[in-house]
Every structure is written in structure tokens, then in C-alpha cells.
Amino acid sequence: MSFPRFPLPDWRRSGAVVGAVSLVLGVSACGGDDHSDHSHDDHSVSVDDAWVKATGANMSAVFGTITNDTDAEVVIESVESSVTDSVELHEAATDGDQSVMRPMEEPLTIASEESHTLEAGGDHIMLLALDEPIETGQEVVLTLNLAEGDDLEFTAVAKEFAGADEEYDPGHADDHGDGD
Ligand SMILES: [Cu+2]
């Protein structure tokens, strides 16, 4: 926003893309029907307003709101991404004066008819071991692997964001994987 040489404000372009992506997800999650009839169970899980922090560093985070419109709880066992194989669900915590983030100890569970918001300073999807920068406007495809039912794919659009750079504290992860 502070760079006058861009003819079109970035927020406007990425906002339009985010809106379009949400619309597509809403339709596909409802099997192509008009989804105004949410009164009976339509077994959909959706992600709205998904975005990823643009970065030149080797890690980034994905935010958005996951809504469970099914009649059962949804358990997200793991997440995959189009930009790295190393993806974790993180929560924020306080360590003394410092805000840190760490892998969730339990799988993320969303009760029936509830939403869970992933936001800066709170829960988020962590992208680790990035080989390439994530550029503003870039689309990253995420897949939520659900304990039951179909996996849920959605797209997050990258935007500039000054926050979400908490210290990473992997201390609580029992199984650290192979890294690279
Ligand atoms: Cu994190």
C-alpha cells in the first residue's frame, strides 16, 4: 500500500481473487446446488477468506475461517500444500513476555455448526522449509486431510502482512519428522 509505483492497489486485486475463490468453494462444497437451503444438513466444510503471508523467508503461515456445516464434528488430521511438503497446524502461546508458536498438541477439531478462525497471533497453518519466496498475489493450494469424509482443498492468496512472525518454538513436537 505504501509503494506508489504500483498502478493498481494490491489489496484490491487480492481482495477480488479471495472473493472469487470463496465463491467457487461454496458452490463445490454444496455439490453445485444453490446453497441457500442450509436448513437441512448438506455435509459441507468450507474455508473462507483464506490468505497466506507473502514472504521471502523460508516459512510462512496461512489464515482463514474453517466452517463445519455438517452434523458431526470435523477433525483435521494434517494439511498439505502446493509449495512445501512440510506443513503443520500451529497454535500461539506465551513464553514469558514473548509470543511464540508451536505445533498443536491435539488435532484441530471443529464441532458441528461451528467455525474456527485461523488468524495472526492465534492458530494458523504453518508452511515450513519453503524453497521459493511466496509473492504477493500468488495462489497457494492447501488440502485439509479430514479424519472422515473427503479431503478439503482450498486456495489461499498471498498478501503483504507485517505481523505473523512469532518465534517458532518446536519444543512440544514429540515426533519432529525428518525435516528435509
Ligand atoms: Cu507457526
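Counting heavy atoms from C-beta outward, H116 and L108 have side chains that approach closer than 4.5 Å. Inter-residue side-chain proximity for E132 and V83 is flagged as unmet; no heavy-atom pair is nearer than 4.5 Å. Between E73 and S112, every side-chain heavy-atom pair lies at or beyond the 4.5 Å cut-off. You'll find the side chain of I125 reaches within 4.5 Å of the side chain of L89, heavy atoms only. At least one side-chain heavy atom of F154 sits under 4.5 Å from a side-chain heavy atom of V62. Counting heavy atoms from C-beta outward, E153 and V141 have side chains that approach closer than 4.5 Å.
Between A156 and L142, the shortest heavy-atom distance links the atoms CB-CD2, 3.9 Å. A pairwise comparison of heavy atoms in I134 and S60 identifies CD1-CB, 4.0 Å as the closest pair. The shortest non-hydrogen separation linking A54 to E135 is CB-C, 4.1 Å. Minimum interatomic distance between A129 and T84 (heavy atoms only, all atoms of both residues): O-OG1, 3.7 Å. Across all their heavy atoms, G137 and V157 have their closest contact at O-CG1, 3.9 Å. M104 and D123 get closest at one heavy-atom pair: CE-CG, 3.5 Å.
Evaluation of the salt bridge (Lys or Arg N to Asp or Glu O under 4.0 Å) rule for E91 yields R102 as partners, not counting sequence neighbours.
No more than 12 heavy atoms of other residues, nucleotides or ligands sit less than 6.0 Å from atom CG of D150.
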Original post:
Could you walk me through whether V87 and E80 pass the side chain to side chain contact (heavy atoms under 4.5 Å, CB included) check?
Top reply: CA-CA 6 Å; V87 185; E80 295 172 68; 5.6 Å; no

Subject >> Pair V52-L127, side chain to side chain contact (heavy atoms under 4.5 Å, CB included): steps then yes or no >> reply: CA-CA 9 Å; V52 55; L127 305 176; 3.9 Å; yes

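Checked by atom type and distance alone, the side chain of T55 pairs as donor or acceptor with a backbone atom of A57 at under 3.5 Å.
A donor atom on one side chain and an acceptor atom on the other are not found under 3.5 Å apart for E139 and T155. Side chain to side chain, T65 and D48 fail the donor-acceptor criterion of an N or O pair below 3.5 Å.
Tested against N68, the residues I110, L146, T109 include a single side-chain contact (heavy atoms from CB on, under 4.5 Å) partner, I110.
Here K53 contributes atom NZ and K159 contributes atom NZ; the two are 12.5 Å apart, rounded to the nearest 0.5 Å. The structure places OG1 of T67 at 9.5 Å from CD of E114, a figure rounded to the nearest 0.5 Å. The CG atom of D69 lies 7.5 Å from the OG atom of S115; values are rounded to the nearest 0.5 Å. Interatomic distance, CD1 of I66 versus OG of S46, reported as 9.5 Å (0.5 Å rounding).
The aromatic rings of F63 and H124 sit tilted relative to each other, their planes meeting at an angle between 30° and 60°.
Residue L130 is grouped with residue V79 when hydrophobic side chains (ILVMFWY) are merged at heavy-atom distances under 4.5 angstrom, including chains of intermediate members.
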